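Working notes, beginning with the structure itself.
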2 protein chains.
Amino acid sequence: MPLLSKASKQVTIHDVARRAGVSIATVSNVLKGRASEVSEPTAERVRRVVEQMGYVKNLNAAALSSRRSGLIGAILIGVFDPYSKEPDPEINPFYGEFVFRLENELQAHGDTLCIYAGREEAYVNFLLERNLDGAILVGVIAKDLPTVLERRDVRLVLFDSFVHHRTHMRVQTDELKGGALAADFLIARKRKHLAFVGGAVRDFPSNIPAIRFQGASRACDQSGHRLLLVEEWTSFEGGRRAAHRVLELKADGVIASADIMAAGLIRGLQEAGAKVPDDVAVVGYDDLPLARYVSPPLTTIRQGLPEKVRAAVELLRDGEKGEVRVIKPHLVVRESA
Amino acid sequence: MPLLSKASKQVTIHDVARRAGVSIATVSNVLKGRASEVSEPTAERVRRVVEQMGYVKNLNAAALSSRRSGLIGAILIGVFDPYSKEPDPEINPFYGEFVFRLENELQAHGDTLCIYAGREEAYVNFLLERNLDGAILVGVIAKDLPTVLERRDVRLVLFDSFVHHRTHMRVQTDELKGGALAADFLIARKRKHLAFVGGAVRDFPSNIPAIRFQGASRACDQSGHRLLLVEEWTSFEGGRRAAHRVLELKADGVIASADIMAAGLIRGLQEAGAKVPDDVAVVGYDDLPLARYVSPPLTTIRQGLPEKVRAAVELLRDGEKGEVRVIKPHLVVRESA
DNA sequence: CTGAAAGCGCTTACAG
DNA sequence: CTGAAAGCGCTTACAG
């Protein structure tokens, strides 16, 4: 029998049970609000003791025996540019928006959000070790999800992942449509030389920017336009760097694969003396709050992040295997195009 | 003895031990790399079996017996404006920057980040239930930290909190200095009518904006200037709303309590036809990436977030009770002032 | 260097 | 309605 540790010992369910004169099973039942299992007077007595002793349940222990951890993961691949070794890397504000909206939804059900923003190769371990009940995967590129994930019953929602998988669930915007909306808008505005600025389009064809590009590309084909591609990492600096290429290519209408990139692109264009939208019209993608912060405010494709997060959480709770939710994108016209 | 559940049973340390022909204690020792405890041949055999069987440690169970959860919390109070009941509330990009920088630091040591972004009244429960090893508290306002937190040995770092407490650790920027830097800069630029725009300054004197205001205010006093106060929630829209008041007050130099607010303020001023910085010079605070995204780019006070996050994690690991780390702020001159 | 055993703080059938 | 007991998957002295 261990001695009291120097830190005053944690109050456990045993302490409560003893003080209330009941068994730990009864305390447990009261705590879970199983009214049918416990008489009201007993329940009330237990509640009072819980209050008095300042008992707080150890969810870790509960998780171990109930096999539900109450932990939901956000697995975010690509938050940090793997190729950049700057000490102070840029972070797309998209991820912050995503995480806090998610936390908000989760908290309402008593679940806790754990963040993973590391390399794609290591997330599976994270998922299994921590015994997550479920997770939302953002930016996963690999064509196949490891089969281990099928054997353990983790509920997974692929978010913005165009990885097809029969067992896991998916939430996504209709990105082909989104790309097309952007291209059609520029074409309608009489832009003749269109370009698409985005990251890792050629290397990872199932990557979000690649799909957006594809959608825009098809729309261009249909009206006899060409869509040039400028590849840069999706970031402000990436967009800024892309500005030179855009000017060299003499594009007068550009679609950026993300608002953050559109912001950098506009900055780069302005620095080079080009006027936006007069010389070059720029359409962003995402409709983050950021889209309204920059000058000129971005014309952009709203991907519907709040709805998507809600949809993802719904699937996490009671989606069917393989269920897919597709959100419609919308064009939001402001001043950059 | 429970039957196999329909999902193929998790591989446990027992399975590994049996297959390797050793005891679970030995497996445990091998997994923790306690080389001194296990002979190399045995260790190697165990490792091979672990590999073969695809064994993954259950950190939950490990946490329960070792009393270390490996979970670190980020408790963020004030992410959502409690007074606004908009469906789609604004989120200060500061929080995203904070969270991902933190995750990055934590991951290097194998710790997992859990997020709490709810009400101040409920975080203690979160902390205790989840058995966090430690947590970083941002934006906590209450004058006193609950004493429960002293009894259980959670390591707490107050981040940007001017709540004094002898047992918990603290990381902060010298905000008085920061406020003064901003004010002195505007004064040096011959601005005569200064204003400070920030949230909850009067109601919560230990709130960050309040300290920044105080610092700026003292600097003004010293050179015989007055500093007017315009209170609005720290957000883009808050800043935008503040623009009207700023113009009414005929201020020609304004300090915003955060970059996001400065961005909104500038937008509001521009919409009202005022030129920044010619008519009104604006100094932000934080030096978030956002500061470079807006036009004109913000002159702002760099609070040194990356260093602060690193300092917080260091304290979490081996800070002394009550240890405080103060980071020096710096003025970053761009174009808004 | 290795193993048997107790324990971490809960939950969950099951018996009464 | 209530309790005794087994079990969740680990870690940690301790004995050998």
Side-chain angles (χ1 to χ4, degrees), chain A residues 1-5 7 9-18 20-46 50 53-71 128-131 133 152-153, chain B residues 1-5 7 9-18 20-46 50 53-71 128-131 133 152-153:
Chain A
M1 198 184 308
L3 294 167
L4 285 174
S5 66
K9 253 183 90 48
Q10 194 180 140
V11 178
T12 75
I13 201 176
H14 286 99
D15 303 319
V16 173
R18 197 173 314 126
V22 297
S23 75
I24 61 167
T26 298
V27 176
S28 179
N29 283 327
V30 172
L31 292 173
K32 326 201 76 161
R34 303 199 174 164
S36 61
E37 304 280 322
V38 187
S39 70
E40 191 39 36
T42 309
E44 185 47 32
R45 184 150 35 95
V46 170
V50 163
M53 306 185 75
Y55 167 79
V56 178
K57 189 195 279 191
N58 180 337
L59 293 185
N60 244 331
L64 188 57
S65 53
S66 71
R67 305 173 150 289
R68 279 202 69 252
S69 65
L71 258 26
L128 298 178
E129 280 184 343
R130 286 289 170 197
N131 269 80
D133 290 339
R152 301 259 297 246
D153 51 340
Chain B
M1 200 183 305
L3 296 165
L4 285 173
S5 66
K9 253 182 89 49
Q10 194 180 139
V11 178
T12 75
I13 200 174
H14 286 99
D15 303 319
V16 173
R18 198 173 313 126
V22 297
S23 74
I24 60 167
T26 298
V27 176
S28 178
N29 283 327
V30 172
L31 291 173
K32 325 202 76 162
R34 302 200 176 164
S36 61
E37 305 279 321
V38 187
S39 70
E40 190 41 35
T42 309
E44 185 48 32
R45 183 151 35 94
V46 170
V50 164
M53 307 184 75
Y55 168 78
V56 178
K57 189 194 281 193
N58 180 336
L59 293 184
N60 244 330
L64 188 57
S65 52
S66 71
R67 306 174 148 288
R68 279 203 70 253
S69 65
L71 259 24
L128 298 178
E129 279 185 342
R130 286 286 170 199
N131 271 79
D133 290 339
R152 302 260 296 247
D153 51 339

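Residue numbering restarts at 1 for every chain, and letters A, B, ... go by the order of the sequence lines. A quick note: this is a predicted structure, and the numbers were derived from the prediction, not measured.
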To check you understand the geometry: which heavy-atom pair defines the closest contact between [X] and [Y], and what is its length?
{"X": "A:Val11", "Y": "A:Met53", "result": "CG2-O, 3.6 Å"}
{"X": "B:His14", "Y": "B:Ile24", "result": "CD2-CG2, 3.4 Å"}
{"X": "A:Lys57", "Y": "A:Ala62", "result": "CD-CB, 4.3 Å"}

Spacing between [X] atom [atom1] and [N] atom [atom2], to the nearest angstrom:
{"X": "A:Leu64", "N": "C:dG9", "atom1": "CG", "atom2": "P", "result": "12 Å"}
{"X": "B:Asn60", "N": "D:dC10", "atom1": "CG", "atom2": "P", "result": "10 Å"}
{"X": "B:Asn131", "N": "C:dG9", "atom1": "CG", "atom2": "C1'", "result": "9 Å"}
{"X": "B:Glu44", "N": "C:dC1", "atom1": "CD", "atom2": "P", "result": "16 Å"}
{"X": "B:Leu128", "N": "C:dC10", "atom1": "CG", "atom2": "C1'", "result": "16 Å"}
{"X": "A:Arg130", "N": "D:dC10", "atom1": "CZ", "atom2": "P", "result": "13 Å"}
{"X": "A:His14", "N": "D:dA5", "atom1": "NE2", "atom2": "P", "result": "12 Å"}
{"X": "B:Met53", "N": "D:dG9", "atom1": "CE", "atom2": "P", "result": "13 Å"}

* To do: Give B:Val56 one of three labels, base, sugar-phosphate or nothing, depending on what nucleic acid heavy atoms sit under 4.0 Å from its own.
  => sugar-phosphate
* To do: Indicate, with a heavy-atom threshold strictly under 4.0 Å, whether A:Val30 touches base, sugar-phosphate, or nothing.
  => nothing
For [X], which residues count as a side chain to side chain contact (heavy atoms under 4.5 Å, CB included) partner, sequence neighbours excluded?
{"X": "B:Ala43", "answer": "B:Val30, B:Val38, B:Glu40, B:Arg47"}
{"X": "A:Val50", "answer": "A:Val16, A:Leu31, A:Val46, A:Tyr55"}
{"X": "B:Ser23", "answer": "B:Ala25, B:Thr26"}

* Asked: Taking only side-chain nitrogens and oxygens of B:Thr26, does any of them come within less than 4.0 Å of OP1 or OP2 of C:dT2?
  -> no
* To do: Ignoring backbone atoms, establish whether A:Arg67 has a side-chain N or O less than 4.0 Å from OP1 or OP2 of D:dG7.
  => no
Please list each protein N or O that sits under 3.5 Å from an N or O in nucleotides 11-13 of chain D, with the distance.
{"unit_1": "D:dT11", "atom_1": "OP1", "unit_2": "B:Lys57", "atom_2": "NZ", "d": "3.1"}
{"unit_1": "D:dT11", "atom_1": "OP2", "unit_2": "B:Ser28", "atom_2": "OG", "d": "2.4"}
{"unit_1": "D:dT11", "atom_1": "O4'", "unit_2": "B:Ser65", "atom_2": "OG", "d": "2.7"}
{"unit_1": "D:dT12", "atom_1": "OP2", "unit_2": "B:Arg34", "atom_2": "NH2", "d": "2.9"}

* Intra- and inter-strand pairs of DNA chain D in dot-bracket (Watson-Crick or G-U wobble, both distances under 3.5 Å; | for another strand) -> |||.||||||||.|||
* Asked: Is A:Asn58 close to A:Thr12 at the side-chain level, that is, under 4.5 Å between some pair of heavy atoms?
  -> no
* Asked: Does the side chain of A:Gln10 come within less than 4.5 Å of B:Leu128's, by heavy atoms?
  -> no
* Taking only residues two or more places apart in sequence, or in another chain, which ones meet A:Arg68 in a side-chain hydrogen bond (donor to acceptor under 3.5 Å, both in side chains)? -> A:Asp133
* Asked: Of all the nucleotides listed (C:dT2, D:dT2, C:dG9), which has the minimum atom distance to the side chain of A:Thr42?
  -> D:dT2
